[in-house]
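Predicted model only: the values in this text are computed from it and were never measured.
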Amino acid sequence: MQLELLELIFLSDKRKQLLLFLKDGPKSMDEIKEALDVTSTAILPQIKKLKEKSLVVQEDKNYSLSLIGKVLVEKMQPLVSIIDVFEDNFDYWVERDFQGIPPSLRKRLGELRKCKLIQPDLDRMFELDPEIVENLSKSSCIHECLAYFDPSLISICQELAKGGVKLSFLMSEPVFQYYSKDYLEDFREMLALENMKFFLYSGELRIANLTVTDKFVMVALFPKNQKHFDRENLISYEPSSLNFGNELFDELIRDSTRITQISQE
C-alpha cells in the first residue's frame with residue numbers, strides 16, 4: 001500500500017500538481033483546468049484515481065482534499081519544493097559545497113523556490129551583473145555576507161550605505177583583514193555611519209556570498225574542489241526565499257562579533 005500511494009502521488013505530474021493545488025481549498029473544474037493548463041479529458045482520469053484512493057473528494061461541482069489527502073500533501077510540499085529547486089539548477093547544486101548552510105536550514109532549501117542562475121560574462125568577470133546592481137539599488141535594507149573579497153560589491157554597498165540604506169556587513173577573517181588594511185579609510189568611514197553595522201565571522205565561513213534585501217536573495221556557494229570560484233550566483237525574488245535568507249543571515253550572525261572600531265597601528 002505504501003508503494004502504491006507513492007506511485008499514485010509522484011508518478012503522474014498532473015496528480016501531483018492537482019494535490020498541491022487543492023491544498024489551498026476546494027476548487028471547481030474550471031479553476032483546476034486554468035491553474036494546471038489541462039483539459040477536462042486529461043485531468044478527469046487522474047481525479048478519478050485520486051478519488052478511488054480517498055485522497056480527493058467531490059462535493060457538488062467542487063473538488064477538495066480528504067483528511068488523509070491533507071496530511072499527505074502537507075508532508076509532500078517541502079519535498080516537492082526542494083526537488084524543484086535542485087532540478088532547476090541541478091548542475092550548480094551538484095558541484096557546490098553547501099555544508100556552510102546549517103542543517104536546520106538545509107532541509108528548507110525548497111523555500112528558495114524559483115531561482116535564476118546568474119553567470120558573469122567572461123570579459124566582465126569582476127563586474128557585478130546589471131541585474132544585481134539594479135536590485136541592490138532598489139533595496140532599502142541589505143544584509144551582506146562575504147567570504148571572498150569582491151571590490152565591486154563592497155563599493156556599491158558603500159555607496160548605498162552613504163545614501164541612507166540600512167546595511168549589515170558580515171565578513172570572514174581574510175576579507176576583514178584585507179579590507180581593514182588596504183581600504184582602511186573607507187572602512188573607518190563606513191563604521192562611522194549609524195545605518196552601517198560590521199560583523200566578523202568566527203571560524204571558517206563556507207558560504208561565498210549571501211545577499212539578503214527586502215527585494216531579493218542571492219547566494220553563491222564555493223565549488224566542492226575549492227580550486228576555482230566562478231562567481232556564479234543564484235538569485236530569487238520569492239517571498240519565502242526572503243524569509244529563508246534572513247534566517248540564514250541571523251544564524252551566521254550568532255557566530256560573529258560586531259566590529260565598532262579599527263585599532264590604530
- Message: So, using salt bridge (Lys or Arg N to Asp or Glu O under 4.0 Å) as the criterion, who are the partners of E238 when residues are at least two apart?
- Response: none
- Item | CG-CG distance between L128 and L136, expressed to the nearest 0.5 angstrom | 7.0 Å
- Is it possible for you to say whether L50 and L6 belong to one hydrophobic cluster, with membership spreading through side-chain heavy-atom contacts below 4.5 Å? yes
- E4/K53 salt bridge by N-O under 4.0 Å criterion: yes
- Query: Would you say L65 and L5 are hydrophobically clustered, going by side-chain heavy atoms of ILVMFWY under 4.5 Å?
  - Reply: yes
- Message: Whether D230 and R96 form a salt bridge (side-chain N of Lys/Arg under 4.0 Å from carboxylate O of Asp/Glu) is what I want to check.
- Response: yes
- N243 side chain to E247 side chain, donor-acceptor N/O pair below 3.5 angstrom: yes
- Query: Quick one: does E34's side chain have a donor or acceptor within less than 3.5 Å of a partner on L36's backbone?
  - Reply: no
- Message: Rounded to the nearest 0.5 Å, what separates atom CD in E134 from atom NZ in K215?
- Response: 11.0 Å
- Below 4.5 Å, heavy atoms only, C-beta onward: do V73 and L20 meet side chain to side chain? yes
- Same hydrophobic cluster for L22 and L72, using side-chain heavy-atom links shorter than 4.5 Å among ILVMFWY? yes
- Message: With a 6.0 Å cut-off (strictly less than), is the heavy-atom count around CD1 of I83, excluding the residue itself, greater than 12?
- Response: yes
- Decide if the gap between the ring center of F187 and the ring center of F198 is smaller than 6.0 angstrom. yes
- Message: Going by salt bridge (Lys or Arg N to Asp or Glu O under 4.0 Å), name the residues that satisfy it together with K181, two or more places apart in sequence or in a different chain.
- Response: none
- Say whether, by atom type as modelled, one donor and one acceptor occur between the side chain of S139 and the main chain of C141 under 3.5 angstrom. no
- Query: Of the non-hydrogen atoms in K16 and I9, which two are nearest, and what is the gap between them?
  - Reply: CB-O, 3.4 Å
- Query: When you check the gap from the basic side-chain N to the acidic O, do E52 and K48 get nearer than 4.0 Å?
  - Reply: yes
- Message: So does Y148 get a backbone contact from the side chain of Y178, meaning a donor-acceptor N/O pair under 3.5 Å?
- Response: no
- Task: Kindly indicate whether the side chain of T213, heavy atoms from C-beta on, has any atom under 4.5 Å from the side chain of H143.
- Result: no
- Item | Evaluation steps, side chain to side chain contact (heavy atoms under 4.5 Å, CB included), between N209 and E144 | CA-CA 8 Å; N209 170 234; E144 186 63 52; 2.4 Å; yes
- When hydrophobic residues are tied together by side-chain contacts of less than 4.5 Å, even through go-betweens, does I68 share a cluster with I47? yes
- Task: Please report the shortest heavy-atom distance between I259 and L191, naming the atom on each side.
- Result: O-CD2, 3.4 Å
- Task: Mind checking salt bridge (Lys or Arg N to Asp or Glu O under 4.0 Å) for E189 and listing every partner two or more places apart, or none if nothing turns up?
- Result: K162
- Message: Using the side chain to side chain contact (heavy atoms under 4.5 Å, CB included) definition, which of the options T257, D255, L170 pairs with F199?
- Response: L170
- Verify side chain to side chain contact (heavy atoms under 4.5 Å, CB included) between Y183 and F149, making sure each step is shown before the conclusion. CA-CA 12 Å; Y183 296 81; F149 195 78; 3.3 Å; yes
- Working to the nearest 0.5 Å, report the span between CG of L184 and CZ of R188. 4.0 Å
- Message: So, applying salt bridge (charged side-chain N to carboxylate O under 4.0 Å, His left out) with D88, which one of K116, K114, R113 is it?
- Response: K114
- Taking it one step at a time, do N89 and C115 satisfy side chain to side chain contact (heavy atoms under 4.5 Å, CB included)? CA-CA 8 Å; N89 297 284; C115 291; 4.0 Å; yes
- Query: Is F222 close to E95 at the side-chain level, that is, under 4.5 Å between some pair of heavy atoms?
  - Reply: no
- Looking at M171 and F176, what are the two nearest heavy atoms and their distance? SD-CA, 4.0 Å
- For residues S140 and D214, is any side-chain donor paired with an opposing acceptor at under 3.5 Å? yes
- Query: Any sub-3.5 Å donor-acceptor pair from S64's side-chain atoms to G25's backbone N or O?
  - Reply: no
- Task: Measure the acute angle between the ring planes of W93 and F98, then classify it against the limits of 30° and 60° as parallel, tilted or perpendicular.
- Result: perpendicular
- Ring-face cation contact, F21 with K27, 6.0 Å cut, 45° max: yes
- More than 12 heavy atoms from other groups under 6.0 Å of CG on D24: yes
- Query: Yes or no on side chain to side chain contact (heavy atoms under 4.5 Å, CB included) for F249 and S168, after CA distance, side-chain angles and deciding distance?
  - Reply: CA-CA 10 Å; F249 190 82; S168 295; 4.0 Å; yes
- Is it true that atom CG of L11 has more than 12 heavy atoms of other residues, nucleotides or ligands lying nearer than 6.0 Å? yes
- Message: Closer than 3.5 angstrom, by distance alone: can the side chain of S256 be matched with the main-chain N or O of L252 as a donor-acceptor pair?
- Response: yes
- Note on the structure: Output for pair (S155 OG, L160 CG), nearest 0.5 Å, gives 9.5 Å
- Query: Between L117 and V219, is there a shared hydrophobic cluster once you connect ILVMFWY residues whose side-chain heavy atoms come closer than 4.5 Å?
  - Reply: yes
- Scan side-chain atoms only and decide if Y237 and N135 contain a donor-acceptor pair under the 3.5 Å cut-off. yes
- Query: Should F244 and L109 count as side-chain neighbours, where that means a heavy-atom distance under 4.5 Å?
  - Reply: yes
- Message: Give me the atom names and distance for the closest heavy-atom approach of L167 to A161.
- Response: CD2-CB, 4.1 Å
- Task: Report yes or no: does E31 contribute a side-chain atom to a donor-acceptor pair with the main-chain N or O of S28 at less than 3.5 Å?
- Result: yes
- Item | S240 side chain to E111 backbone, donor-acceptor under 3.5 Å | yes
- Query: Does any non-hydrogen side-chain atom of E232 lie less than 4.5 Å from one of P120?
  - Reply: yes
- Taking the side chain as every heavy atom from C-beta outward, state whether Y179 and D186 have any atom pair closer than 4.5 Å. yes
- Query: With side chains defined as the heavy atoms from C-beta onward, is the minimum distance between K166 and I142 less than 4.5 Å?
  - Reply: no
- Can you tell me how far the CG atom of D84 sits from the CG atom of L112, to the nearest 0.5 Å? 12.0 Å
- Query: Measuring from D129:CG to I235:CD1, what's the distance to the nearest 0.5 Å?
  - Reply: 8.0 Å
- Taking every heavy atom of D97 against every heavy atom of K224, the minimum-distance pair comes out as N-CG, 3.9 Å
- Message: Do the side chains of R231 and D150 get close enough for a salt bridge, i.e. N-O under 4.0 angstrom?
- Response: yes
- Just wondering, do S81 and Q77 contact through their side chains at under 4.5 Å, heavy atoms? yes
- Query: So which heavy atom on I43 is nearest to which on I32, and how close?
  - Reply: CG1-CG2, 4.1 Å
